[in-house]
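First comes the structure, then the notes that go with it.
Per chain, numbering begins at 1; letters A, B, ... match sequence-line order.
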Number of protein chains: 2
Amino acid sequence: MLLTDRQLLILQVIVDDFIRSAQPVGSRSLSKKEEISFSSATIRNEMSDLEDLGFIEKTHTSSGRVPSEKGYRYYVDHLLSPQVLNQQDVSIIQSIFAEKIFEFEKIIQRSAKILSDLTNYTSIVLGPAVSINKLKRIQIIPLNKETAVAIFVTDTGHVENRTFSIPASVDAGDLEKTVNILNDRLAGVPLDDLNDKIYKEVAMLLRQHIHNYDLMLHTIADSLKMPIHEKLFFGGKTNMLSQPEFHDISKIRSLLMMIDQEEWIYNLIRKNSAGIHVKIGRENNNRAMENCSLITATYSVGQEKLGTIAILGPTRMEYSRVISLLQFLSKDLTDVLTKLYQNN
Amino acid sequence: MLLTDRQLLILQVIVDDFIRSAQPVGSRSLSKKEEISFSSATIRNEMSDLEDLGFIEKTHTSSGRVPSEKGYRYYVDHLLSPQVLNQQDVSIIQSIFAEKIFEFEKIIQRSAKILSDLTNYTSIVLGPAVSINKLKRIQIIPLNKETAVAIFVTDTGHVENRTFSIPASVDAGDLEKTVNILNDRLAGVPLDDLNDKIYKEVAMLLRQHIHNYDLMLHTIADSLKMPIHEKLFFGGKTNMLSQPEFHDISKIRSLLMMIDQEEWIYNLIRKNSAGIHVKIGRENNNRAMENCSLITATYSVGQEKLGTIAILGPTRMEYSRVISLLQFLSKDLTDVLTKLYQNN
DNA sequence: GTTAGCACTCCTTGTTGCCGAGTGCTAATT
DNA sequence: AATTAGCACTCGGCAACAAGGAGTGCTAAC
């Protein structure tokens, strides 16, 4: 199972070539490469072995070879030559941060756009986890007799709002008192923990000050119940249409449908721990992604993981380049965010 | 140029048949239809005339006929038999309004989903025009020494927020005074007119009360400058992939790219006046939509047009059904919204 | 005015044959 | 023992061709 140096070389050249050309690569064309100094017959023997070991495949009996998923996996794990980004790519990525930034979402959106433009694949960016942000302030603004909107501002400037109906028994004074209590008790609490805290600490206080406190309590707790989903941003959703492996409409269809079905992507991307992760083909456990690879990286504030950036491309994707790009952007995002939010 | 009854009949049957089958229709298959009592030779003569008049076309010399854009146009304008929705469709549409509704966006989103499911085309819904909503309340919440977030709540419960940097010369007291002045002067003003009003009325007041008022003024006015874009919602973006006329990847590609390029759609849809509008093929003035038709309807609160719902399908689309669906949903949306917001 | 009949056109489908790129195997070479 | 040259074989892709079918336009008869 240990590959010889020559086998490694051949595997690497096959993968590189196939990534470039999307054509099965044959022994003769390999033998002409600079890196390779032995004859096509030798290569044929080696390729036959590599095929037995499962690293490459034939598309039909007398065709050239194509990397298998196992082949890509080995390539990614052992053969990848870390590529240095060229100056142009670097400056394009840095242009994301050129303007003054208040709305973090804008940065995220721009990142998605630029990633997809740079790679010609589909980019996916998972927005910053709102739920770990800390509450800065709650406001309740009555719209009319029956409804009001509750506004939650986090220390990062993110704003969530929920409309709810005001319990009949509650009057304007009650509302104001409630808001004061909430702000008093909940400022600095991560959004995730609000619900908990409301029942544990705020409930008591409300009871002391508000007539009919429990309806109010539940109304507010309910507003907070809906999970605050991180937003997903996409770039170049249609880029996959240009990839030769997706000449087949039904493949495209299932892939695009899956992308539009954000839930799937969300789960696929969210759980990743820090660092670069490469999922190849069926490793993604999804029919629609059989011919796709997904590379993800995370960005953080300080030590705290905030969100994810990812590239979805064909298995035949430029792993080396994409990894470099993601690494670079992820670091930049982290730096900027850390500077921006660290010491609030 | 006036068509005989028989020509009208033939045109109608051709369009109907082609919409159903997507196959060019020939004289013989026409002659077999129930509605038609004359021979294929007669039909051939009539079809030849209809072709000369530009209502139908051949795909090649000896093929059956296919409606031209002019043919569709005539069909839509004169031959459409208004279709009554079946009970199932009706109840599916009404299910949109089943739950209690606070967030209007949810309704809009659900509408888009259901429209596309029902038709198997792509649905586009333009969210309610925020800019005509009236300001209910402004809040400014400082995040730290340098930045604050301004929150604008409309009488419909919509919340807009902008982060800005606090001018160095402004202190907490100034901020509070500013907010009070703003709320005092701007409550009830449509968001569209805020900027105007700020310079005309608020500026003076600010000058009287706030040190260094003009920086504050510009900061706030700037936040409001970015146009408040109505949001676009889509349903069934990938539905077009199942249409036989889009077997060609490059067509799909340009169409999907145009859809993702929301600006285009926005302009296409926004300007429509009330009522149903049908744009066929090149009437949309867009290469990517050459084989598409766009049917739009508007929804309102009372007399005031709020937004648009639309279906994008192949020119060979079920005009009658789609028009009925849009009419029905548009009326329902209007009713619900009017009831909800009319007398605030 | 309508229709039956017929020649003609063009798309579609299937067949065939051929070329080129590639393989696997064997035997010769290093 | 490893490498290579040589050769027979396989398969996809392409072009050429034929047959069949759906449709048309035209003419002449009804």
Would you say B:K58 places a side-chain N or O within less than 4.0 Å of OP1 or OP2 belonging to C:dC11?
no

Please determine whether a side-chain nitrogen or oxygen atom of A:S63 lies at a distance below 4.0 Å from atom OP1 or OP2 of C:dG22.
no

At a heavy-atom distance below 4.0 Å, what parts of residues 23-40 of chain B sit against DNA chain C?
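Within this stretch, B:F38, B:S39 sit under 4.0 Å of the strand.
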
Spacing between [X] atom [atom1] and [N] atom [atom2], to the nearest angstrom:
| X | N | atom1 | atom2 | value |
| --- | --- | --- | --- | --- |
| A:D52 | C:dG24 | CG | P | 9 Å |
| B:M47 | C:dT3 | CE | P | 14 Å |
| A:D49 | C:dT23 | CG | P | 14 Å |
| B:D17 | D:dA22 | CG | P | 15 Å |
| B:F18 | D:dG23 | CZ | P | 13 Å |
| A:I43 | C:dC25 | CD1 | P | 17 Å |
| A:N45 | C:dG24 | CG | P | 9 Å |
| A:E57 | D:dC11 | CD | P | 18 Å |

Face-on cation placement of A:K237 at A:F234 ring, 6.0 Å and 45° thresholds:
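That pair qualifies as a cation-pi contact.
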
Contacts of type ring-ring contact (aromatic ring centres under 6.0 Å, His included), residue B:Y121, not counting sequence neighbours:
none

Checking B:Y266 now: which residues fulfil ring-ring contact (aromatic ring centres under 6.0 Å, His included) with it, not counting sequence neighbours?
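ring-ring contact (aromatic ring centres under 6.0 Å, His included) check on B:Y266 returns B:H229.
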
I want to confirm an ordering. Mapping B:R44 and B:T61 to their closest nucleotides on DNA chain C, which one lands closer to the 5' end?
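Nearer the 5' end of the strand: B:R44.
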
Do the charged groups of A:D248 and A:R253 touch, with an N to O distance under 4.0 Å?
no

Under the side chain to side chain donor-acceptor pair (under 3.5 Å) test, residues paired with B:S29 that sit two or more places apart:
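Testing B:S29 for side chain to side chain donor-acceptor pair (under 3.5 Å), a comparison that skips the adjacent residues, returns none.
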
List for me each residue that meets side chain to side chain donor-acceptor pair (under 3.5 Å) alongside B:T296, sequence neighbours excluded, and say none if there are none.
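By the side chain to side chain donor-acceptor pair (under 3.5 Å) rule, B:T296 matches B:N272.
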
Ignoring hydrogens and angles, does a donor from either the side chain of B:R65 or the base of D:dG25 sit under 3.5 Å from an acceptor on the other?
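A donor-acceptor contact between them is absent.
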
Quick one: does B:S62 reach the base of D:dT24 with a side-chain donor-acceptor pair under 3.5 Å?
no

What nucleotide, of C:dT2, D:dT24, C:dT23, holds the atom closest to the side chain of B:R6?
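Among the listed nucleotides, the one closest to the side chain of B:R6 is C:dT2.
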
Looking only at side-chain atoms of B:H60, point me to the closest of D:dT24, C:dC10, C:dT3.
C:dC10

With sequence neighbours left out, which residue pairs that include part of residues 30-45 of chain B fulfil the salt bridge (Lys or Arg N to Asp or Glu O under 4.0 Å) condition?
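Of all non-adjacent pairs touching residues 30-45 of chain B, those that pass salt bridge (Lys or Arg N to Asp or Glu O under 4.0 Å) are B:D17-B:K33.
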
